[in-house]
> 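Below is one structure. I have some questions about it.
Sequence positions, counted from 1, serve as the residue numbers for this chain. Excluded from the calculations below are hydrogen atoms, water molecules and symmetry mates; all remaining heavy atoms, backbone and side chain alike, are included.
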Amino acid sequence: MKYRKKTMDELERLAPEAFQSSDRIPLTLLLDDIRSANNVGSIFRTADCFALQHLYLCGITATPPHRDILKTALGSTETVSWSYHPDAEALVQELRGAGAQVQGLEQTEQSTALSAFIPPANQMLVLVVGNEVNGVSQSVLEHCAGTLEIEQFGTKHSLNVAVATGMAVYQLSARLRGKAGWQAG
């Protein structure tokens, strides 16, 4: 058998209790008015997979124990630290005031290509992801330190928010963990 799948034991997954006390990378996500609970659940799984610090659920973003979140999160709502905040703009101001660098994941005139972004050293990075139709709200973008853009080459120039979040977190995680082979564009 050339490509035998690994067993659960071979994957060496942490038990939820061990995961709670494990090291986390200095990256959090702020979800700005995500309307689909399925996307929220998917983002919870991504946050668990990459051992992120926290998820901030803002505005109309659904919160656990919503059944569609639970369906796609597959238990990660129990392992990922999260909190709800009604006002994303006020939260961004608060986080920046506490010393975090806040970047929006959005296509703007001044955006930095995700592949070229170097995460800050010794500083919490907060990545804001936005609504499926309107993206990150303009009022929130006004308070971000900058914006990151996933380079796209097709006709749509749009990705599902959970997919875009996964792509961004993968690259930021690799960079923050100092993984060999990851190169800035």
> Strictly distance-based, threshold 3.5 Å: is any side-chain N or O of Y84 a donor or acceptor partner for the main-chain N or O of T61?
no

> For the side chain of D32 and the backbone of S137, is there at least one donor-acceptor N/O pair under 3.5 Å apart?
yes

> Please identify each residue that fulfils side-chain contact (heavy atoms from CB on, under 4.5 Å) with T46, with sequence neighbours left out.
F50, V169

> Taking only residues two or more places apart in sequence or in another chain, which ones pass side chain to side chain donor-acceptor pair (under 3.5 Å) with Q152?
none

> Is there a path of hydrophobic side-chain contacts, each under 4.5 Å between heavy atoms of I, L, V, M, F, W or Y residues, that connects W82 with V129?
yes

> Just to verify, what does H85 make a side chain to side chain donor-acceptor pair (under 3.5 Å) with, not counting sequence neighbours?
S83

> Are the side chains of L52 and R24 in touch, meaning some heavy atoms are under 4.5 Å apart?
no

> Report yes or no: do L70 and F44 belong to one cluster of Ile/Leu/Val/Met/Phe/Trp/Tyr joined by side chain heavy-atom distances under 4.5 Å?
no

> Determine whether R177 and I25 satisfy the following criterion, side-chain contact (heavy atoms from CB on, under 4.5 Å), listing intermediate values before the conclusion.
CA-CA 8 Å; R177 295 173 193 281; I25 60 173; 3.3 Å; yes

> Start with the C-alpha distance between L14 and S22, add both sets of side-chain angles, then the distance that settles side-chain contact (heavy atoms from CB on, under 4.5 Å), and finish with yes or no.
CA-CA 9 Å; L14 294 175; S22 67; 4.0 Å; yes

> Taking only residues two or more places apart in sequence or in another chain, which ones pass side chain to side chain donor-acceptor pair (under 3.5 Å) with D87?
none

> How about T112 and T147: do any of their side-chain heavy atoms sit closer than 4.5 Å?
no

> Kindly indicate whether the side chain of R45, heavy atoms from C-beta on, has any atom under 4.5 Å from the side chain of L74.
yes

> By side-chain contact (heavy atoms from CB on, under 4.5 Å), which residues pair with A62, not counting sequence neighbours?
A37, H66, I69

> With M167 as reference, evaluate L105, L172, I150 under the side chain to side chain contact (heavy atoms under 4.5 Å, CB included) test and give the passing residue.
I150

> Have N160 and E132 got a donor and an acceptor in their side chains that come within less than 3.5 Å?
no

> First locate atom CG of L57, then atom CD1 of I43, and finally report the distance between them rounded to the nearest 0.5 Å.
9.0 Å

> Which ILVMFWY residues are connected to L95, directly or by a chain of links, through side-chain heavy atoms under 4.5 Å apart?
L30, Y56, L91, V92, V102, M124, V126, V128, V136, V140, L141

> Apply side-chain contact (heavy atoms from CB on, under 4.5 Å) to I60 and list each qualifying residue two or more places apart in sequence or on a separate chain.
D33, R35, N131

> Could you state the interatomic distance from CD (E149) to CD (E109), rounded to the nearest 0.5 Å?
11.0 Å

> Show the nearest heavy-atom pair for residues R175 and P119, with the distance to one decimal.
CG-CD, 3.3 Å

> Indicate yes or no for a side-chain donor-acceptor contact from S111 to the backbone of Q107 under 3.5 Å, with no hydrogens or angles considered.
no

> List for me each residue that meets salt bridge (Lys or Arg N to Asp or Glu O under 4.0 Å) alongside E10, sequence neighbours excluded, and say none if there are none.
R4

> Residues two or more places apart in sequence or in another chain: which of them pass side chain to side chain donor-acceptor pair (under 3.5 Å) with S81?
H54

> Using a 3.5 Å distance criterion without hydrogens, assess whether the side chain of S42 forms a donor-acceptor pair with backbone atoms of N39.
no

> Determine, step by step, whether H143 and E89 satisfy the side chain to side chain donor-acceptor pair (under 3.5 Å) criterion, reporting the C-alpha distance in whole Å, the side-chain angles of both residues, the deciding distance to 0.1 Å, and the verdict.
CA-CA 7 Å; H143 297 285; E89 182 181 345; 3.0 Å; yes

> For Q101, give me all partners under side-chain contact (heavy atoms from CB on, under 4.5 Å), at least two apart in sequence or on another chain.
Q103, F117, P120, Q123, L125, A145

> Could you give all pairs that pass the side-chain hydrogen bond (donor to acceptor under 3.5 Å, both in side chains) test and reach residues 70-79, with sequence neighbours left out?
D48-T79

